[in-house]
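A note on names: the letters A, B, ... follow the listed sequences, proteins ahead of strands, and every chain is numbered from 1.
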Amino acid sequence: MADYFALIDCNNFYASCERVFDPSLNGKPVAVLSNNDGCVIARSNEVKAMGVPMGAPYFEYKKIFRENNVRVFSSNFALYGDMSSRVMNILARYCPDMEIYSIDEAFLHFKGFDCFFDLSSYAQEIRTFVLRATGIPVSIGIAPSKALAKAANRVAKKFPERTGGVHVIDTEEKRAKALRWIKVEDVWGIGPRYGNMLRLRNVRTALDFSLLPDDFVRDSMTVVGLRLKHDLMGKPSIQMEDIKPKQAIACTRSFDRDYLEYSDLRERVATFSCEVAKKLRAQGSDCNLVQVFVRSNPFKVHLPQYGRSVCLKLPYPTNSSIELTKFALKGLSSIFKKGYAYKKAGVIVMGLTPSESKQLNVFHNSDPRHSPLWKAIDRINLLSGHDVVKLGGQDLRRKWKMNRNLLSPRYTSKLEEILKINVHDKEEIERA
DNA sequence: TCTGGGGTCCTAGGACCC
DNA sequence: TCTGGGGTCCTAGGACCC
């Protein structure tokens with residue numbers, strides 16, 4: 001009996017979501033863009049094969065995309081979020097110990113499963129069922145530690161014909177083979193900085209990394225790096241995580257153009273504060289710290305650059321949009337400097353506490369009338385489908401807009417946008 | 001013209017306490 | 001000339017993830 005970890009990862013998740021509802025995209029190159037249609041954040045295999053890197057600026061690749069008939073979409077998080085929970089619900093049926101790692105990935109802890117199942121066939125079963133029930137293709141890596149499961153997943157995804165989308169590392173030979181194949185900078189937990197540092201020391205593969213002395217790894221990469229090393233050696237050191245309450249909630253955005261005036265920024269910061277306050281209320285939390293930042297556009301190197309952030313300790317915990325906005329704007333006024341072209345701002349709240357058990361202050365407290373007020377406003381906004389009730393400091397004339405020119409319908413979360421099938425489509429789907 | 005957003009964890013160093 | 005030591009808490013900054 002042994003402990004195994006499985007990593008289930010949706011293939012090209014956002015691109016796959018778009019394909020589920022438009023089968024004509026199958027086999028065609030598909031790309032999905034970030035907010036404001038700024039960067040490429042998801043690519044189908046065809047687009048990856050064209051050499052388009054993750055995070056590539058859209059404007060640089062527009063021409064190439066046009067020439068190659070790439071189907072491009074604005075990000076549709078309402079759709080992806082819903083598809084994600086469908087996939088996760090299915091995965092949860094296959095294992096009691098599951099960690100949702102990101103919107104498109106989950107770890108399953110197969111403790112002693114190898115006594116009862118052939119792990120590879122079990123994973124194949126999961127894969128087949130997820131695909132049939134949701135239309136999303138997944139790859140599965142299984143190994144004695146989480147980092148090795150990540151590595152196994154990489155193998156499964158890279159060689160779908162040979163592996164059938166499932167790869168199990170259950171022998172020393174397979175472990176060494178996989179690690180020798182993975183470049184050090186592609187290891188989970190080794191980013192560009194560490195990758196560079198290790199390259200300079202002639203560490204080229206995941207296997208090289210796993211053979212480094214512990215002391216060196218700890219000194220140069222902290223205990224996080226050391227845990228990773230042990231995990232890759234097959235000594236599980238990275239644990240399954242429980243669902244933890246969030247520590248911070250943020251709303252940050254780049255602007256559609258440069259902002260010069262304080263009044264423009266004030267509107268954005270007010271809106272971001274309302275957004276985080278709404279998220280706080282949705283999860284039943286208050287916050288007692290609010291951080292505000294602004295910055296100019298680092299890509300415009302010829303312009304003077306400025307960026308600053310400030311963190312305000314609140315006199316009392318709150319989740320009222322009115323109060324939070326008041327504090328955030330106070331922060332903004334302390335860091336705003338005239339004469340710069342601002343491109344991005346954000347509001348982040350920390351020090352989250354459950355609204356139920358808040359620590360009251362002797363002198364100042366959140367206005368007790370706000371709690372029922374926002375409960376009512378949240379309900380009105382929810383029923384109407386968008387924010388009809390706003391603060392006066394927000395964008396009442398809707399000057400602000402996000403570029404989302406290539407958006408697909410919210411097929412699964414808006415009745416008006418639900419998929420319509422005509423006979424012609426149906427035949428096509430059946431053929432597909 | 002045009003370059004995302006939302007998170008986590010760890011460490012070093014300063015302030016403060018006795 | 002010469003100025004303790006150990007502990008805790010907080011914060012800023014740096015690394016990483018998807």
side-chain N/O Ser75(A) vs dG4(B) OP1/OP2, d < 4.0 Å: no
Can you tell me how far C1' of dT1(B) sits from NZ of Lys62(A), to the nearest Å? 9 Å
When you measure from the side chain of Ser254(A), which nucleotide among dG5(B), dT3(B), dG7(B) comes out closest? dG5(B)
Can you tell me which nucleotide in dC16(C), dC18(C), dC2(B) comes closest to the side chain of Glu105(A)? dC18(C)
Which of dC10(B), dT3(B), dT8(B) is nearest the side chain of Phe299(A)? It is dT3(B)
How many Å lie between CE on Met350(A) and C1' on dG13(C), as a whole number? 14 Å
Check whether any side-chain nitrogen or oxygen of Lys146(A) sits under 4.0 Å from OP1 or OP2 of dC17(C), and answer yes or no. no
Residue Lys313(A), side-chain atoms from C-beta onward, closest of dG7(B), dC10(B), dT11(C): dT11(C)
Specify the separation, in whole Å, of atom CG of Asp258(A) and atom P of dT1(B). 13 Å
Distance test, side-chain N/O of Arg253(A) to OP1/OP2 of dG6(B), below 4.0 Å: yes
Side chains of Asn35(A) and Ser254(A), heavy atoms from C-beta outward: is any pair under 4.5 Å? no
On DNA chain B, compare the nucleotides closest to Glu241(A) and Cys39(A); which residue's is nearer the 5' end? Cys39(A)
If you only use heavy atoms from C-beta on, which nucleotide in dG6(B), dC17(C), dC10(B) is closest to the side chain of Arg227(A)? dC10(B)
Please work out if Leu33(A) contacts a base, only the sugar-phosphate, or nothing of the nucleic acid, heavy-atom cut-off 4.0 Å. nothing
With a 4.5 Å heavy-atom cut-off, do Thr252(A) and Phe293(A) have their side chains touching? yes
Given side chains that start at C-beta, do those of Pro298(A) and Gln305(A) come closer than 4.5 Å, heavy atoms only? yes
Taking the side chain as every heavy atom from C-beta outward, state whether Phe5(A) and Leu148(A) have any pair of such atoms under 4.5 Å apart. no
Mind checking the C1' distance from dC16(B) to dG4(C)? Whole angstroms is fine. 15 Å
Flag, side chain of Ser16(A) to backbone of Asn11(A), donor-acceptor distance under 3.5 Å: yes
Picking from dC18(C), dC16(C), dT8(B), the nucleotide nearest the side-chain atoms of Arg193(A) would be dC16(C)
What residue among Tyr94(A), Tyr4(A), Tyr122(A) forms ring pair (Phe, Tyr, Trp, His ring centres under 6.0 Å) with Phe110(A)? Tyr122(A)
Closest to the side chain of Pro57(A), out of dC18(C), dT3(B), dG6(B), is dT3(B)
Options dG7(B), dC10(B), dC18(C), nucleotide nearest the side-chain atoms of Val224(A): dC10(B)
Length of the line joining Glu60(A):CD and dG4(B):P, which is rounded to integer Å: 11 Å
Which part of the nucleic acid, if any, lies within reach of Ile103(A) when heavy atoms closer than 4.0 Å are counted: base, sugar-phosphate only, or nothing? nothing
Rounded to whole Å, please give me the gap between CZ in Arg154(A) and C1' in dC18(C). 13 Å
Value in whole Å for how far the C1' atom of dT1(B) lies from CG of Leu303(A): 14 Å
Scan Lys28(A), Arg71(A), Arg19(A) and name whichever one has a salt bridge (charged side-chain N to carboxylate O under 4.0 Å, His left out) with Glu46(A). Arg19(A)
Are Arg257(A) and dC2(B) close enough that a side-chain N or O sits under 4.0 Å from OP1 or OP2? no
Taking only N and O in the side chain of Lys344(A), is any of them less than 4.0 Å away from OP1 or OP2 of dT3(B)? no
Given dC16(C), dG6(B), dC18(C), which nucleotide is nearest the side-chain atoms of Ser102(A)? dC18(C)
Would you mind reading off the distance between Phe255(A) atom CZ and dG4(B) atom P, rounded to a whole angstrom? 13 Å
Looking for any heavy atom pair under 4.0 Å, which part of the strands does Cys251(A) touch: base, sugar-phosphate only, or nothing? sugar-phosphate
Mind checking if Val40(A) touches a base, just sugar-phosphate, or nothing, with heavy atoms under 4.0 Å? nothing
So what's dC17(C) paired with, Watson-Crick or G-U wobble, going by both distances under 3.5 Å? dG6(B)
Taking 4.0 Å as the cut-off, does a side-chain nitrogen or oxygen of Lys244(A) come that near to OP1 or OP2 on dT8(B)? no
With nearest nucleotides of DNA chain B determined for Val223(A) and Asp37(A) from heavy-atom distances, which residue corresponds to the more 5′ nucleotide? Asp37(A)
What is the distance, rounded to the nearest whole Å, between atom CG of Asn76(A) and atom C1' of dG4(B)? 16 Å
Looking only at side-chain N and O atoms, does Thr222(A) come under 4.0 Å of OP1 or OP2 in dC9(B)? no
With the side chain counted from C-beta on, respond yes when Ser75(A) and Tyr14(A) share a heavy-atom pair under 4.5 Å apart, and no when they do not. no
Verify the contact: side-chain N or O of Lys343(A) to OP1 or OP2 of dG4(B), cut-off strictly under 4.0 Å; return yes or no. no
If you only use heavy atoms from C-beta on, which nucleotide in dG5(B), dC18(C), dG4(B) is closest to the side chain of Ser34(A)? dG4(B)
Categorize Tyr101(A) for me: base, sugar-phosphate, or nothing, with a 4.0 angstrom heavy-atom threshold over every strand shown. sugar-phosphate
For Gln247(A) and dC9(B), is the shortest distance between a side-chain N/O and OP1 or OP2 below 4.0 Å? yes
For a quick check of understanding: with a heavy-atom distance under 4.0 Å over all strands, which category does Pro192(A) fall into, base, sugar-phosphate or nothing? sugar-phosphate
